[in-house]
Amino acid sequence: MLVERGLRVMNVEAVGDAYAIASNYLRKSGAISDTFATNDQLLEIIVQMFHNGEYNRLRLANKAISKFEAAQAGQQ
């Protein structure tokens, strides 16, 4: 994480990589549509976990997949 003058700056690369991993899996499993549009719900899950202190890309992706699938199951 980058720190500048006391402000936390989000590591966009870690969040982007985690999103790419999670969205690729969810597209292949059919949980989200196969489009180029960003799934806002998935991205929000990843960003929230990042802000809560999870910085590992693979762990972010795996936890986001679990939370996303649980939320989708709860909506049905």
Verify same cluster id: Ile21, Phe68 (apolar side-chain graph, 4.5 Å):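 No, Ile21 and Phe68 fall in different hydrophobic clusters.
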Flag side-chain contact, heavy atom, 4.5 Å: Val15 against Leu43: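 Yes, their side chains come closer than 4.5 Å.
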CG on Leu60 to OH on Tyr55, rounded to 0.5 Å: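 One finds 10.0 Å between OH of Tyr55 and CG of Leu60.
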Where Ile46 and Ala22 come nearest, the two heavy atoms and their spacing: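 That closest heavy-atom pairing would be CD1-CB, 4.5 Å.
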Closest non-hydrogen atom pair, Ala14 against Phe50: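 Distance-wise, the nearest heavy atoms are CB-CE1, 4.3 Å.
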Partners passing salt bridge (charged side-chain N to carboxylate O under 4.0 Å, His left out) against Lys63 (at least two apart in sequence or in another chain):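 Only Glu54 meet the salt bridge (charged side-chain N to carboxylate O under 4.0 Å, His left out) criterion with Lys63.
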Set of salt bridge (charged side-chain N to carboxylate O under 4.0 Å, His left out) partners for Glu44, sequence neighbours left out: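 Glu44 satisfies salt bridge (charged side-chain N to carboxylate O under 4.0 Å, His left out) with no other residue.
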Salt bridge (charged side-chain N to carboxylate O under 4.0 Å, His left out): pairs with one or both residues in residues 64-73, sequence neighbours excluded: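 Pairs touching residues 64-73 that pass the test: none.
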Selection residues 14-23 - residue pairs positive for salt bridge (charged side-chain N to carboxylate O under 4.0 Å, His left out), sequence neighbours left out: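 Applying salt bridge (charged side-chain N to carboxylate O under 4.0 Å, His left out) to every pair that reaches into residues 14-23, excluding sequence neighbours, yields Asp17-Arg57.
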Name the atoms and distances for all side-chain donor-acceptor pairs under 3.5 Å in residues 32-39, with sequence neighbours left out.
| residue | atom | partner | partner atom | Å |
| --- | --- | --- | --- | --- |
| Thr35 | OG1 | Ala37 | N | 3.4 |
| Asn39 | OD1 | Gln41 | N | 3.2 |
| Asn39 | OD1 | Leu42 | N | 2.9 |

Side chain to side chain donor-acceptor pair (under 3.5 Å) pairs, two or more places apart, involving residues 22-31: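 Applying side chain to side chain donor-acceptor pair (under 3.5 Å) to every pair that reaches into residues 22-31, excluding sequence neighbours, yields Ser23-Arg27.
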